Amino acid sequence: MYRVMLIDDDVPMLKVLQQMIDWEANNLQIVGTTYSSVKAMHMFEEVQPDIVITDIGLPQKNGIELADSFTSMKPDVRVIFLTCHEDFQYAQQAIKLKADDYLIKDQLTAEQLEKSLEKSVTILKSKSGLIRWKTSNYNSQLFRQDLLKRVIDRAPSEMTMDYASQIGVSWNYPWFMLGIVNVQFSSFDKRYRQSEHQLILYAIYNIALELSESFEGVTPFLEKDNIAILYNFRMNLAQNAILNFNNFLQQLRSQCVNFLKIQPSIVSVTDKMELDSVGSAYQQILQSKLEFYETTDYTITDISQSAVSNFQHAPQGFLNNCVSQLEQAVIKQDLDGIHNILLEIAGNARDMMIEPGDFAKELSFMLRGIELMFSNLKFEEDLFNYLSLSRTLSDSMELIERKLVQITESRDKQGTSTSQEPKLQVIQQYIEQHLADNITSIDMARYLYLNPSYFSRYFKRMTGLTFTDYVHQYKMKLATKMLKVSNQNLESMAIGLGYSDRTYFSKVFKKYVGATPSEYKAKHTARK
């Protein structure tokens, strides 16, 4: 019997996987399940599974990094990846990951799962086709990250140049330019899930690496939220260094659009910098978002002139008037009105030079207010994360406008019929009767005598949400009411709503409400 380990930070998804097939009938045994990538490392050492099924978009250490660690510990382990989006082929093409299969969560059926596992078992039996990443490439990436850290920390230039030479990076000249490449989330959101952000950054990094082979002195670095590009050059009348660097960045942009179907935003510092000045320029741009009110291709020709930011903190109640205006525009299904209000918000922010972090928070508060206005409305949590990470005003406003337009159009199509759907009333009653249980779509399908795959598609079409999201959202609305009127402690509240512990309950609450239970209760108490 082959040993299987399941990893997903969505606990209900783990239960769905366990219930989906008869594991023993397939000669398989689940020897471990966990929602934590940190726990997964310890569990893997203990249970030594033959097959690992892991979500890609895990916090702390993503599924790809876990798989790399697992294969270094046990080279013949088989890996099956879970992902949330059907357009994952673009990332596959760029990254060339080697795994037994990629399973789309929202479309997963028992037949697909059994087929993927059968493939892994066949490979295990034949002992061929082992999953191996090129450790040399992986180590090269780690060495480069260490090199960039030395640059940022302003280690002595001579020692940093020597270290660069030791790891195969040729910096032969005294001057540097800097490029910082970020994802525009308004294009990313059209094709990918937030959990695939790191994956897409890795794809961009691979593209940049391949391009750099044709450009002397260009060194890409993979960071947590961006790609950093250093260009080492010398002053040469026969060659325009700025033109050469811009040519590299534009080719990188073009390939991101062609292969990944996303638009990057690029900040370039074409000032002539010595190595010990690069780190401070890099940190200044990242922390201040100097490009926020500029275009998606922003060039800084003199970094010393950008040293002092003119950003101002957002005044209290900065967007209060706009919330009611947007609510009315959504109710009236006035798309032009939505567009004009958002243009006004963007114009005011630009005129006042609102600090980007403050502006993102104000936009999030505004959307939370609109969300509470409509009982059947729930913005995807990805949107709020994108707003906090977005590097440009245009990217932020396009994200919000598209979401509001989608909501308005869906309300127009649904009218009031959804709330009167008899089947939905039965489902809500079942949830209310099983608040203390960790119910899944499979449980619900059995109760309704429906095929689980059919029920999942039916429910998504009826509500626009997955069943798991709907249950979490339903319970979190109850939790907010309980926090306002009850002194019940979080442990008992979590258990009463079907969550295994306070930590997981708090994590789900923050995802759907935007604050921890303690923060929410403190804020509500402060308003009394």
Side-chain angles (χ1 to χ4, degrees), residues 9-11 59 194 289 311-328 330-331 341-342 345 348-349 352 354-390 396-397 399-400 403-404 407 431 435 465 468-528:
D9 65 340
D10 186 355
V11 174
Q194 188 195 6
K289 293 189 179 181
F311 295 146
Q312 307 293 326
H313 288 296
Q316 188 173 3
F318 169 57
L319 296 178
N320 283 356
N321 293 334
C322 299
V323 173
S324 58
Q325 293 177 24
L326 276 176
E327 287 171 355
Q328 290 301 314
V330 171
I331 290 170
I341 294 166
L342 293 179
I345 290 172
N348 290 340
M352 298 169 68
I354 301 296
E355 197 277 323
D358 278 6
F359 187 54
K361 290 177 183 176
E362 291 292 329
L363 289 175
S364 295
F365 284 139
M366 179 187 75
L367 293 175
R368 296 287 187 194
I370 294 172
E371 189 176 61
L372 292 173
M373 181 72 180
F374 303 99
S375 60
N376 64 338
L377 169 58
K378 177 66 180 176
F379 290 112
E380 292 181 0
E381 202 62 26
D382 289 358
L383 174 61
F384 298 101
N385 292 315
Y386 294 156
L387 288 176
S388 67
L389 292 171
S390 179
S396 299
M397 302 316 292
L399 273 168
I400 292 174
K403 293 298 181 184
L404 288 173
I407 287 164
I431 295 172
L435 285 176
L465 299 170
T468 299
D469 279 335
Y470 185 86
V471 172
H472 282 321
Q473 181 177 326
Y474 192 89
K475 290 185 176 183
M476 290 310 104
K477 285 184 178 180
L478 288 178
T480 58
K481 294 177 182 178
M482 294 165 69
L483 286 169
K484 290 177 181 179
V485 300
S486 169
N487 290 322
Q488 185 178 6
N489 63 48
L490 291 184
E491 285 82 0
S492 61
M493 186 180 296
I495 293 171
L497 290 173
Y499 296 95
S500 56
D501 56 54
R502 172 178 174 166
T503 302
Y504 181 57
F505 170 71
S506 296
K507 175 185 173 182
V508 175
F509 189 94
K510 185 171 184 179
K511 175 180 178 181
Y512 288 87
V513 180
T516 66
S518 300
E519 290 169 346
Y520 184 88
K521 188 173 182 66
K523 188 173 182 180
H524 177 73
T525 304
R527 288 180 175 176
K528 287 184 177 181

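All of these numbers come straight from a predicted model, not from anything done at the bench. FYI, side chains are in, hydrogens and waters are out, and symmetry mates aren't considered; it's all heavy atoms of this structure.
Using a 4.5 Å heavy-atom cutoff, the side chains of Ser500 and Val11 are not in contact.
Residues passing the ring pair (Phe, Tyr, Trp, His ring centres under 6.0 Å) test with Tyr470 are Phe459, sequence neighbours excluded. The side chain to side chain donor-acceptor pair (under 3.5 Å) search around Ser388 returns none, not counting sequence neighbours. Residues forming a side-chain contact (heavy atoms from CB on, under 4.5 Å) with Ser518 (at least two apart in sequence, or on another chain): Leu490, Arg502, Thr516. Asp358 is linked by a side-chain contact (heavy atoms from CB on, under 4.5 Å) to His313, Ala314, Ile354, Glu355, counting only residues two or more places apart in sequence or in another chain. Here Gln194 pairs with Asn385 under the side chain to side chain donor-acceptor pair (under 3.5 Å) rule; sequence neighbours left out. Contacts of Asn487 classified as side-chain contact (heavy atoms from CB on, under 4.5 Å), with partners at least two apart in sequence or in another chain: Lys521. Residues satisfying the side chain to side chain donor-acceptor pair (under 3.5 Å) test with Ser390, not counting sequence neighbours, are Asp395, Ser396. Considering only residues two or more places apart in sequence or on other chains, Glu519 meets the salt bridge (Lys or Arg N to Asp or Glu O under 4.0 Å) condition with none of them. Residues satisfying the side chain to side chain donor-acceptor pair (under 3.5 Å) criterion with Lys403, sequence neighbours excluded, are Asp189.
Across all their heavy atoms, Lys523 and Phe365 have their closest contact at NZ-CE2, 3.9 Å. The nearest pair of heavy atoms linking Phe509 to Ala515 is CD2-O, 3.0 Å. Residues Pro315 and Met352 come closest through the heavy atom pair CG-CE, 3.3 Å.
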side-chain contact (heavy atoms from CB on, under 4.5 Å) between Leu363 and Met366: does it pass, once the steps are laid out?
CA-CA 5 Å; Leu363 289 175; Met366 179 187 75; 4.2 Å; yes
Derivation of the side-chain contact (heavy atoms from CB on, under 4.5 Å) call for Lys477 and Tyr512:
CA-CA 9 Å; Lys477 285 184 178 180; Tyr512 288 87; over 6 Å; no
The test is side-chain contact (heavy atoms from CB on, under 4.5 Å); show your working for Leu404 and Leu342 and say whether it passes.
CA-CA 10 Å; Leu404 288 173; Leu342 293 179; 4.3 Å; yes
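Considering Ile345, Leu367, Asn348, Leu326 as possible partners of Leu319, the one that fulfils the side chain to side chain contact (heavy atoms under 4.5 Å, CB included) test is Ile345.
The ring pair (Phe, Tyr, Trp, His ring centres under 6.0 Å) pairs that include a residue from residues 479-504 are His472-Tyr499, Tyr499-Tyr504, Tyr499-Phe505, where partners are two or more places apart or lie in different chains. Within the structure, salt bridge (Lys or Arg N to Asp or Glu O under 4.0 Å) contacts touching residues 492-501 (residues at least two apart or in different chains) do not occur.
Going from atom CG of Leu483 over to atom CG of Leu478 covers 11.0 Å, rounded to the nearest 0.5 Å. Rounding to the nearest 0.5 angstrom, the gap separating the CE atom in Met476 from the NZ atom in Lys481 is 13.0 Å. The CD atom of Gln312 sits 12.0 Å away from atom CZ of Phe318, with the distance rounded to the nearest 0.5 Å.
Heavy atoms from other residues, nucleotides or ligands lying under 6.0 Å from NZ of Lys361 number 12 at most.
Side chain of Lys475 to main chain of Leu497: a donor-acceptor pair is present (N/O by atom type, distance under 3.5 Å, no hydrogens or angles).
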